Amino acid sequence: MTSVMTPPGVKAPGDYIESVMISVKAKNPAEPEFHQAVAEVFDSLRLVLAKHPEYQSARLLERIVEPERVLMFRVPWFDDLGNIQVNRGFRIEMNSAIGPYKGGLRFHPSVNLGILKFLAFEQVFKNSLTTLPMGGGKGGSDFDPKGKSDNEVMRFCQSFMTELQRHIGPDTDVPAGDIGVGGREIGFLFGQYKRLRNEFTGVLTGKGLAWGGSLIRPEATGYGCVYFANEMLKSKKDSLEGKLCLVSGSGNVSQYTIEKLLDFGAKPLTVSDSNGVIYDPEGINREKLAFIIELKNVKRGRIRDYADHYKKAIFMPTDIKLEHNPLWNVKADCAFPSATQNEITAKDAANLIKNGVKLVAEGANMPSTLDATKMFLDAKILYGPAKAANAGGVATSGLEMAQNSARLSWTRQEVDDRLHKIMIAIHQNCYETAEKYGTPGNLVNGANIGGFLKVANAMLDQGLV
Ligand code: NDP
């Protein structure tokens, strides 16, 4: 690799990265997840800045870590007893260099500014990798839909959208779902937007099929993650057939990861929620998956009920004193973290590697800590980072936007084929970029650099804005 001589007075790329990282931590205190996401991308960009001093002269790193806009607002609502409740709403409009802001809304009590900034930052690179024209954004609230009635969820969504509608639009910012925001919430949010603005537009994705939604959007993140895993295995002349698989979570991403794993002949063994882990040594088949979908999406129950229904399955309740997650200590070939950030610690990574896991494909966003990521890379297992492996969800949201603009609907097969092709293309881009920058097989570098270059060049083209 050729490196460029650094003129006197100009920082060497490593020092430049270091100084921007120090400033990110100083300017964004108490946001550890944001620091973590930036540090991971910056580590890969060392390889880029050595070849492209123009990014450093344009102070691209300082610009790319600064959101274009941060919105934070009060969301008051009445609960079923007539009491006043107050939550906090957010929308981070991170980067619009290659298209309107695009990214999900998360409703979960853990939501705060730093978590949404990490998600919005990741989203910028992920959306770039999809090959579709979408900028990056993310939003949500510390509202917890668990245990709330449908009417309470509706009143909250209406209050949330009453403010958010001022800032979004089909050519400006197009939110979607994420943790705690599924079809029900998107429906209530869309209804209120339409009522306030008197327009029927594709302002949200993940809509119902009868009112502008796309076939395959609910399935897309899970299906896409498995398509990506399949490409990783193909690069080693291997396949998913017969592989024992660990899946965490039991929500949208987990459910459709399990479905697609079954299509490929793999054997999913686990699911979880915040209260505990299910290990089913006989494997989760289609009938058991239907039980999980009904339990989680209709009854809105807890995953422990699975073990009451299927007696050979084992339920392990969450134990905060345990410094590892027993799910990642079940012997298997492949792991699909699909719940939340930092759910795989260094100890969990050590357990996975010790038990012979050959592949980790991240359905959740940033599920592995920086230490865990490093251990997977050092162990040279197949490691598909979130911004590449789970990009199928937002890619299919992009396809929903295209269908809305053209006012037509594609068939299930057509959307699935496009999703599959996009995941193959993302894998190829990451694989080839990793090779081109001298780190073959390192898909973390491949994804970070591949995603960055397109956005950075668009920012240079558009001047200092
Ligand atoms: P859901 O709300 O449908 O499901 C989330 C699942 O993860 C639930 O089983 C939930 O358990 C569990 N979970 C959430 N937070 C925690 C926590 N702090 N500790 C333990 N378990 C937790 O969300 P999704 O399936 O949509 O999202 C899962 C992950 O995938 C997230 O990281 C999200 O950002 C990412 N993702 C989602 C996309 C999408 O299209 N939906 C697209 C790309 C990424 P419980 O019910 O107990 O809370």
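Note that the structure is a prediction, hence the values are computed from the model and not measured. Whatever order the structure lists them in is the order used to number ligands and atoms, beginning at 1.
Of all atoms in ligand 1, listed by their number and element, those nearer than 4.0 Å to a heavy atom of Ser272 are 9 (O). Of all atoms in ligand 1, listed by their number and element, those nearer than 4.0 Å to a heavy atom of Ser274 are 11 (O), 20 (C), 21 (N), 45 (P), 47 (O), 48 (O). Of all atoms in ligand 1, numbered sequentially from 1 with element shown, those under 4.0 Å from a heavy atom of Gly363 are 30 (O), 35 (C), 36 (N), 44 (C). Each of the following atoms of ligand 1 lies closer than 4.0 Å to a heavy atom of Gly249: 9 (O). Every atom of ligand 1 with a heavy atom of Arg217 under 4.0 Å away is listed here by number and element: 40 (O). Each of the following atoms of ligand 1 lies closer than 4.0 Å to a heavy atom of Ala364: 29 (C), 30 (O), 32 (O), 35 (C). Shown in contact with Lys146 at under 4.0 Å from a heavy atom are these atoms of ligand 1, numbered in order with element: 45 (P), 46 (O), 47 (O), 48 (O).
Annotation: Lys148, atom NZ; neighbour count of heavy atoms from other residues, nucleotides and ligands within 6.0 Å is above 12.
Looking at ligand 1, you won't find any N or O of Gly393 less than 3.5 Å from one of its N or O atoms.
The protein heavy atom nearest to atom 4 (O) of ligand 1 is Gly251 CA, 3.3 Å. For atom 17 (C) of ligand 1, the closest non-hydrogen atom on the protein side is Thr340 CG2, 3.6 Å. Scanning the protein heavy atoms around atom 15 (N) of ligand 1, the nearest turns out to be His108 NE2, 3.6 Å. The protein heavy atom nearest to atom 32 (O) of ligand 1 is Asn365 N, 3.1 Å. For atom 39 (C) of ligand 1, the nearest non-hydrogen atom of the protein is Thr221 OG1, 3.4 Å. When hydrogens are left out, the protein atom nearest atom 41 (N) of ligand 1 is Asn252 OD1, 3.6 Å; that is the closest non-hydrogen contact. Atom 9 (O) of ligand 1 has as its closest protein heavy atom Ser250 N, 2.9 Å. Atom 12 (C) of ligand 1 has its closest protein heavy atom at Ala339 CB, 3.9 Å.
Ligand 1 is never approached by Gly182 to a heavy-atom distance shorter than 4.0 Å. The closest approach between any non-hydrogen atom of Glu343 and ligand 1 is not below 4.0 Å.
Remark: of the listed residues Trp77, Phe78, Phe188, Trp77 is the sole one forming a side chain to side chain contact (heavy atoms under 4.5 Å, CB included) with Phe156. For the pairing with His427, the side chain to side chain contact (heavy atoms under 4.5 Å, CB included) check across Ile422, Leu129, Asn230, Leu443 returns one residue only, Leu443. Here the options are Glu259, His420, Lys260, the test is side chain to side chain donor-acceptor pair (under 3.5 Å), and the partner is Tyr223; only Glu259 passes.
Remark: His309 NE2 to Ile278 CD1 distance equals 12.0 Å, nearest 0.5 Å. How far CG of Asp305 is from NZ of Lys299: 8.0 Å, rounded to the nearest 0.5 Å. Note that the NE2 atom of His35 and the CG atom of Leu370 stand 12.0 Å from one another [nearest 0.5 Å]. The distance from atom CZ of Phe143 to atom CD of Glu152, rounded to the nearest 0.5 Å, is 7.0 Å. For the atom pair Asn112 CG and Ser110 OG, the distance stands at 7.0 Å (nearest 0.5 Å).
In this structure, the ring of Tyr279 has its center no less than 6.0 angstrom from the ring center of Phe315.
For Asn329 and Asn355, the side-chain atoms include at least one donor-acceptor pair closer than 3.5 Å.
Of the heavy atoms in Ser338, only backbone atoms (N, CA, C, O) come closer than 4.0 Å to ligand 1. The residue Glu122 has no part lying near ligand 1, judged by heavy-atom distances below 4.0 Å.
A donor-acceptor contact shorter than 3.5 Å links the side chain of Thr318 to the backbone of Gly276. Lys288 places a side-chain N or O within donor-acceptor distance of the main-chain N or O of Gly283, the cut-off being under 3.5 Å.
Comparing heavy-atom distances from atom 27 (O) of ligand 1 across Ile292, Thr205, Ile179 singles out Ile179 as nearest. Among Arg106, Arg302, Arg300, the residue whose heavy atom sits closest to atom 46 (O) of ligand 1 is Arg302.
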